[in-house]
Amino acid sequence: MVPAEKEDSKSGHPAPIGPALRAWLKFDDREVEVAQGETLVGRSAKCGLAIDDPLVSRSHARLVLRRGSLSIEDLASANGLLVNGEHSEGVIPLAEGDRVVIGHSSFEVHTSTSFDVLESEPRVASKIGSVRAPDFEMPATEVRSEMATRRGDALDLLVGLVEKALLLGRGDEAERILASYLRNLLRVARASGHVDPDIARTASIYAARIAEATGKGTWVDYLFELYSVAHRPLPADVVDRLYDSVRHMSAVSVHAFRQYLLALQEAEPNLGPTERFLVRRIEGLEGLGVLR
């Protein structure tokens with residue numbers, strides 16, 4: 001049954017009613033619903049969504065929820081924001097499952113549709129609470145140093161958050177922070193057939209640490225897949241870490257491993273002695289009995 005039209009209070013004409021988007025943001029153990037219209041996000045208590053974090057500007061970003069869409073826009077903040085692991089500028093549409101990082105805080109986007117929200121004039125949303133950044137007990141000197149940092153590489157910013165989560169034993173949180181970036185990196189690498197060696201090295205180190213912290217062999221599969229594109233052996237310290245920890249993880253894909261070995265065999269004539277030694281060590285992982 002189609003809902004009856006309701007009269008617009010200003011024009012006296014029926015206001016169109018259709019499925020309106022509802023949205024809420026999940027900060028770890030807390031959920032915050034987004035008001036229709038505009039919501040300022042920032043450190044100021046005057047913001048609709050206030051985030052208590054020294055890396056967040058007073059007016060950092062703007063969320064806009066209108067009948068059919070949700071978007072976020074960085075307001076020329078000092079440290080910017082990340083959407084699914086990438087620096088974002090301009091108006092960025094948000095969808096179910098997207099992850100946004102602002103300062104030390106991150107949230108996941110959830111949405112649903114409803115017929116009971118009428119189109120309204122743009123407005124600033126009422127205050128919907130203050131979200132405190134995770135307590136990492138950062139020294140004051142480190143806070144000042146991070147506040148002085150401007151927009152840098154997306155991975156560098158995420159790694160800072162991941163490092164703190166790992167030091168606190170929060171492997172699942174480290175995974176949530178970095179997973180979208182890592183998967184996007186692999187997707188782009190596969191499409192282009194190339195991955196920057198420095199970025200690949202940093203990504204592999206943290207993927208291996210997340211695998212160790214969560215016990216998930218799928219992140220070891222990720223290492224094999226990423227370096228299959230690179231046609232290079234994994235960094236020596238990553239291989240060492242795998243020898244120490246892979247026995248304690250869930251099963252690792254034998255298919256991903258053997259595809260990686262094929263890529264290494266193709267590249268081996270162009271490898272130096274040190275890299276060839278690493279290839280032998282990587283081959284030895286099969287003897288650990290964790291491949292399925």
Review point. Y260: what forms a ring pair (Phe, Tyr, Trp, His ring centres under 6.0 Å) with it, not counting sequence neighbours?
Key: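 Only F224 meet the ring pair (Phe, Tyr, Trp, His ring centres under 6.0 Å) criterion with Y260.
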
Non-neighbouring partners of [X] that pass side-chain contact (heavy atoms from CB on, under 4.5 Å), sequence neighbours left out:
X	value
A207	L182, W219, Y222, L223
R280	E268, E283
V188	N184
Y243	V239, R281, L285, L288

Min side-chain heavy-atom separation [X]-[Y] under 4.5 Å:
X	Y	result
V238	S204	yes
H248	E212	no
I210	L178	yes
L63	L94	yes
P93	S69	no
Y181	L186	no
F107	I102	yes
Y206	L166	yes

Distance check, rounded to the nearest 0.5 Å: [X] atom [atom1] versus [Y] atom [atom2]?
X	Y	atom1	atom2	value
Q265	L271	CD	CG	11.5 Å
E108	D98	CD	CG	9.0 Å
S245	R209	OG	CZ	11.5 Å
L49	L25	CG	CG	6.5 Å
E89	E73	CD	CD	11.0 Å
D74	H60	CG	NE2	5.0 Å

Review point. With sequence neighbours excluded, what pairs up with Q259 under the side chain to side chain donor-acceptor pair (under 3.5 Å) test?
Key: none

**Study point:** Partners passing side chain to side chain donor-acceptor pair (under 3.5 Å) against D221 (at least two apart in sequence or in another chain)
**Key:**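 Result, side chain to side chain donor-acceptor pair (under 3.5 Å) vs D221: none returned.
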
Review point. Would the number of heavy atoms belonging to other residues, nucleotides or ligands and lying under 6.0 Å from CZ of R58 be above 12?
Key: no

Are [Y] and [X] linked, directly or through intermediate hydrophobic residues, by side-chain heavy-atom contacts shorter than 4.5 Å (ILVMFWY only)?
X	Y	value
L158	I205	yes
V34	V91	no
W24	V109	no
L167	V159	no
L70	V64	no

For the student: nearest non-hydrogen atoms of [X] and [Y], plus distance:
X	Y	answer
S57	S77	OG-CB, 3.5 Å
A203	L185	CB-CD2, 3.6 Å
I282	L234	CD1-N, 3.6 Å
A35	L65	O-CB, 3.7 Å
A189	V229	O-CG1, 3.5 Å
L75	S59	CB-O, 3.8 Å

Review point. Hey, mind stepping through E38 and R62 against salt bridge (charged side-chain N to carboxylate O under 4.0 Å, His left out) and telling me if it holds?
Key: CA-CA 7 Å; E38 298 185 0; R62 178 189 294 112; 3.6 Å; yes

List for me each residue that meets salt bridge (Lys or Arg N to Asp or Glu O under 4.0 Å) alongside [X], sequence neighbours excluded, and say none if there are none.
X	value
D244	none
E96	none
R258	E286
R176	D28, E173

Check your understanding: Just by distance, do the side chain of R66 and the backbone of G37 share a donor-acceptor pair under 3.5 Å?
Key -> no

Practice item. Would you check if the side chain of S88 reaches a backbone N or O of L82 as a donor-acceptor pair within less than 3.5 Å? Key: no

Review point. How about R99 and S106: does a side-chain donor come under 3.5 Å of a side-chain acceptor?
Key: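 There is such a pair between these side chains.
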
Review point. How would you list all residue pairs meeting salt bridge (Lys or Arg N to Asp or Glu O under 4.0 Å) that involve residues 225-239, not counting sequence neighbours?
Key: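 Every pair satisfying salt bridge (Lys or Arg N to Asp or Glu O under 4.0 Å) with a residue in residues 225-239: R190-E225, R201-D237, R232-E275.
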
